[in-house]
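If you're wondering where the values come from, they're calculated on a predicted model, not measured in any experiment.
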There are 2 protein chains.
Amino acid sequence: MKLSTKSRYGVRAMFDMAFHAGTLPAQIKDISRRQNISPRYLEQIFQDLKKAGLLKSRRGPQGGYSLTRPAEEITIKEIVLAAEGELLLVDCIKGRRKDGEAAPACEFDNQCVTQPIWNEGSRILGDYFASVSLKDLCEQGQEMGLEKELDHRFMYFI
Amino acid sequence: MKLSTKSRYGVRAMFDMAFHAGTLPAQIKDISRRQNISPRYLEQIFQDLKKAGLLKSRRGPQGGYSLTRPAEEITIKEIVLAAEGELLLVDCIKGRRKDGEAAPACEFDNQCVTQPIWNEGSRILGDYFASVSLKDLCEQGQEMGLEKELDHRFMYFI
DNA sequence: AGGAATCTCTACTGATACTGTCAAGAATAA
DNA sequence: TTATTCTTGACAGTATCAGTAGAGATTCCT
């Protein structure tokens with residue numbers, strides 16, 4: 001019942017980007033250093049976040065990643081969803097989307113008193129995560145007095 | 001972020017016991033047959049539930065398991081907690097209980113904006129699970145028209 | 001044009017936890 | 001005394017997680 005590190009790292013990394021946001025894209029090596037996340041692993045996570053449309057990237061020198069939307073429009077739910085794949089406490093709920101393609105994953109489908117419980121729990125958790133945005137985290141960071149790191153690339157211009 | 005089968009099976013089994021409750025203890029073989037759970041595996045789960053004080057047992061012929069409390073006093077949270085061990089979305093919260101013994105599991109402990117989010121999410125989920133009792137599930141079962149199986153052991157007395 | 005920086009894609013791997021199975025033993029009722 | 005049922009601990013296959021690795025593509029700078 002634990003969130004994977006992809007979710008935890010993903011949220012931390014996205015917060016880090018929003019918190020230290022500058023004019024240039026943020027780079028893996030900086031984020032991974034500040035958040036103490038393996039850079040190669042973070043690459044993978046960022047690919048997931050990019051596929052989900054939360055990040056855009058630019059290659060080459062001075063390249064990196066940037067948020068596709070303002071921090072107040074990106075919620076924890078979106079990040080967790082992108083990293084985790086889905087936000088369901090159990091698998092036996094799946095298999096009855098609109099198209100009704102897949103077979104029910106559980107033999108007791110629709111004859112099970114626990115199914116609605118897991119459904120509702122998943123929904124409640126998702127709603128909470130959807131109520132928190134990256135901007136909220138940034139404000140929290142301010143209150144906690146976290147230091148904003150100067151972008152070292154600006155040094156060139158001084 | 002999935003619940004383990006121990007939790008799912010555990011809740012189903014506990015519901016089954018409450019729903020088919022008779023005067024005699026419920027036996028593994030009956031529950032596992034009705035709920036289609038491996039009997040050997042269910043034994044293990046029941047040991048966990050017994051350690052948590054949710055079940056009591058009696059060996060020998062006509063033995064089995066019974067709930068230690070009325071169905072309306074047993075919540076989903078207790079069962080999940082017993083099966084899952086804990087109800088925390090992340091590990092980085094642990095390590096600062098009242099005794100303050102264990103070291104913080106996370107290097108960013110108390111310097112992390114995401115920690116409160118995972119904490120709150122865990123709490124919200126736990127609160128929801130605590131709001132649902134076995135009795136609620138039984139009523140749901142009634143509404144769904146689930147059939148109550150006659151205890152075959154009563155046959156002897158007819 | 002060339003070289004360096006940075007992201008991209010895919011594959012691989014070691015450890016861990018999950019999901020059971022199994023066997024021998026202890027208690028209890030008939 | 002015997003059949004039944006729970007008790008305890010060990011064991012094993014599989015999947016997932018978490019991270020590493022290498023070769024390639026794109027972009028910028030000179």
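In this entry the distance linking CG of A:Leu3 with C1' of D:dA18 reads 15 Å, nearest Å. The NZ-C1' distance, from A:Lys56 to C:dT6, rounds to 17 Å in whole Å. Following rounding to the nearest Å, A:Leu42 (CG) and D:dA18 (C1') show an atom-to-atom distance of 13 Å. Residue B:Phe46 contributes atom CZ, which lies 9 Å from atom P of D:dC6 at whole-angstrom precision. Rounded to an integer number of Å, the gap from B:Asp30 CG to D:dT5 P is 8 Å. In this structure, the CG atom of B:Asp48 is 15 Å from the P atom of C:dG20, given to the nearest Å. Taking atom CD1 on B:Ile45 and atom C1' on D:dT7, their separation rounds to 16 Å, with Å as the unit. Regarding A:Lys29, its NZ atom lies at a distance of 8 Å from the C1' atom of C:dT6, rounded to whole Å.
The side chain of B:Tyr9 places an N or O atom within less than 4.0 Å of a non-bridging phosphate oxygen (OP1 or OP2) of C:dG20. Dashed line: the shortest gap from a side-chain N or O of B:Ser4 to OP1 or OP2 of C:dC18 is not under 4.0 Å. For A:Gln62, no side-chain nitrogen or oxygen approaches OP1 or OP2 of D:dC28 to under 4.0 Å.
Scanning both residues, A:Trp118 and A:Cys92, for their nearest heavy atoms gives CD1-SG, 4.5 Å. Closest approach of B:Asn110 to A:Met144, counting heavy atoms only: O-CE, 3.3 Å.
Nearest to the side-chain atoms of A:Tyr41 among the listed nucleotides C:dC7, C:dT21, D:dG19 stands D:dG19. Among D:dA18, D:dT7, C:dT8, the nucleotide with an atom closest to any side-chain atom of B:Ser57 is D:dT7. Minimum atom distance to the side chain of B:Arg58 is reached by C:dA29, of the listed C:dA29, C:dT21, D:dA18. Picking from D:dT26, C:dA26, C:dA5 the nucleotide with the shortest atom distance to the side chain of A:Arg59 gives D:dT26.
When each of A:Pro61 and B:Met1 is assigned the nucleotide of DNA chain D bearing its nearest heavy atom, the one mapping closer to the 5' terminus is B:Met1.
A:Ser4 and A:Glu84 are linked by a side-chain donor-acceptor pair at a separation below 3.5 angstrom, with hydrogens and angles left out of the test. B:Ser122 and B:Asn119 share no donor-acceptor pair across their side chains, judged by distance under 3.5 Å alone.
Counting non-hydrogen atoms under 4.0 angstrom, B:Tyr65 reaches the backbone sugars and phosphates but no base.
Ion pairing between a basic and an acidic side chain is recognised when a charged N comes within 4.0 Å of a carboxylate O; B:Glu149 and B:Arg33 show such pairing. A salt bridge links A:Arg123 with A:Asp127: at least one charged nitrogen is closer than 4.0 Å to a carboxylate oxygen.
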Just the atom pairs and distances: protein N or O near nucleotides 8-13 of chain D's N or O, under 3.5 Å.
unit_1, atom_1, unit_2, atom_2, d
D:dT8, OP2, B:Gln47, OE1, 3.4

Please tabulate, for the side chains in residues 8-15 of chain B, all donor-acceptor contacts under 3.5 angstrom to protein atoms that are two or more places apart in sequence or on a different chain.
unit_1, atom_1, unit_2, atom_2, d
B:Arg12, NE, B:Gln35, OE1, 2.8
B:Arg12, NH2, B:Gln35, O, 2.7

